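Take a look at the structure below.
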Amino acid sequence: MDWGMANRMAQLFKNGRCMFMPIDHGYFQGPTRKLECPAETVAPLMDYAEALFVTRGVLRSCIDPMTSKPVVLRVSGGPSVIGPDLADEGLTTAIEDVIRINASAMGLSIFVGTQYEKQSILNLAKLVNEGEKYGIPVMAVTAVGKELEKRDARYLALCCRIAAEMGARVVKTYWCENFEKVIQGCPVPVIMAGGPKVADRGVLEFVHDGMSKGAVGVNLGRNIWQHDYPVPMMRSLRAIIHENASVDEAWEMFNNLKNECV
Ligand code: 5RP
């Protein structure tokens, strides 16, 4: 790995683990609840994230360029949530803009098993070609569009392996039962995505399970910033990721921090 690539990867991880904060949802969902004003939502959470996952538009208009927080730039898009097919994505951001923004990594979705799988996988390959020229890692996102039922270990292992084979340096995927099968088949670090909001302990439980099976961290959005107590939730998840806290320890920490807020 050349120096620039290694240095950018090092910016994204602390002792090999990471907690990314995604605020990219608007690129297909519009003004998602609690992200109507991204600057306000992320302000109290920034200190607890290793990196922000964001589009160039929200970055430029809502995030202070004086920040030292690393940026994973979302560079795929096209369809909206009301359009015919969420999987019909293309590349949205020129590599010159990625470099100008000083991004630490680029993120793009692939849609395996959809009619657009080839297009999205070739998007990934092209992005890796550009990224490798300039030492910028690519994080592939294994997206499922609206078809959440596809999230089993066999399917996600297939998606993650394809992403790694195309040259993604990091893969973001959903947690699932038998998550070790996903990890075992993927030769690059795997980060867990969140998905729609689940009950508090449920988030702690799946993150703990995924970490114990070899994930290197999370890219969790709505389960944190749509929570009534986002900072306690983020800090207790952080304890699982960075301090090997058990679910019970993290839950106790959450409740203690929550009580300090009321
Ligand atoms: C959207 C994304 C998001 O970054 C990802 O879904 C994580 O956010 P959440 O935890 O809210 O699902 O890639 O396509």
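We count ligands from 1, going down the list as the structure has it; atoms in each ligand are counted the same way. The basis for the numbers below is simple: all heavy atoms, side chains too, and nothing from hydrogens, waters or symmetry mates. The first residue of the sequence shown is numbered 1, and numbering continues consecutively from there. Since the structure is predicted, the reported quantities are computational estimates derived from the model, not experimental observations.
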**Prompt:** Is there a side chain to side chain contact (heavy atoms under 4.5 Å, CB included) between Met5 and Arg169 once you walk through the steps?
**Reply:** CA-CA 10 Å; Met5 180 69 78; Arg169 296 276 182 172; 3.7 Å; yes
**Interfacing atoms of ligand 1 (cut-off 4.0 Å, heavy-atom, Phe53)** = 4 (O), 13 (O)
**Prompt:** Any N/O of Gly221 closer than 3.5 Å to an N/O of ligand 1?
**Reply:** yes
**Request:** Just go through Lys172, Gln226, His25, Arg222 and tell me whose heavy atom is the nearest to atom 5 (C) of ligand 1.
**Result:** Lys172
**Message:** Quick check: Asp24 and ligand 1, any N/O pair under 3.5 Å apart?
**Reply:** yes
**Item:** Heavy-atom check, side chain of Lys172 versus side chain of Thr142, under 4.5 Å
**Value:** no
**Message:** Name the residue from His242, Gln11, Arg17 that meets the side-chain contact (heavy atoms from CB on, under 4.5 Å) definition with Glu50.
**Reply:** His242
**Item:** Backbone or side-chain N or O of Ser109 under 3.5 Å from ligand 1 N or O
**Value:** no
**Atoms of ligand 1 close to Leu220 [distance to a heavy atom under 4.0 angstrom, numbered from 1]** = 10 (O)
**Message:** Give the atom numbers and elements of ligand 1 that come within less than 4.0 Å of a heavy atom of Arg74.
**Reply:** 1 (C), 2 (C), 13 (O), 14 (O)
**Request:** Check the surroundings of atom CG in Asn15: do more than 12 heavy atoms from other residues, nucleotides or ligands lie under 6.0 Å from it?
**Result:** no
**Request:** May I ask you to decide if Gly90's main-chain N or O and Thr92's side chain share a donor-acceptor pair within less than 3.5 Å?
**Result:** no
**Request:** Taking only heavy atoms of Phe28 into account, list the atoms of ligand 1 that are under 4.0 Å away from them.
**Result:** 1 (C), 14 (O)
**Request:** Give yes or no for whether the N/O distance cutoff of 3.5 Å, strictly under, is met between Tyr174 and ligand 1.
**Result:** no
**Asked** Think Arg151 forms a cation-pi with Tyr174, using NZ or CZ under 6.0 Å from the six-ring centre and within 45 degrees of its axis?
**Response** yes
**Message:** Using a 3.5 Å cut-off on N or O atoms only, is Asn223 in polar contact with ligand 1?
**Reply:** no
**Request:** Answer yes if the side chains of Ser76 and Arg74 hold a donor-acceptor pair under 3.5 Å, and no otherwise.
**Result:** yes
**Request:** Classify the angle between the aromatic ring planes of Phe20 and Phe13 as parallel (below 30°), tilted (30 to 60°) or perpendicular (above 60°).
**Result:** tilted
**Request:** Mark up the atoms of ligand 1 that fall under 4.0 Å of a heavy atom belonging to Asn219, in ascending order.
**Result:** 4 (O), 5 (C), 7 (C), 10 (O)
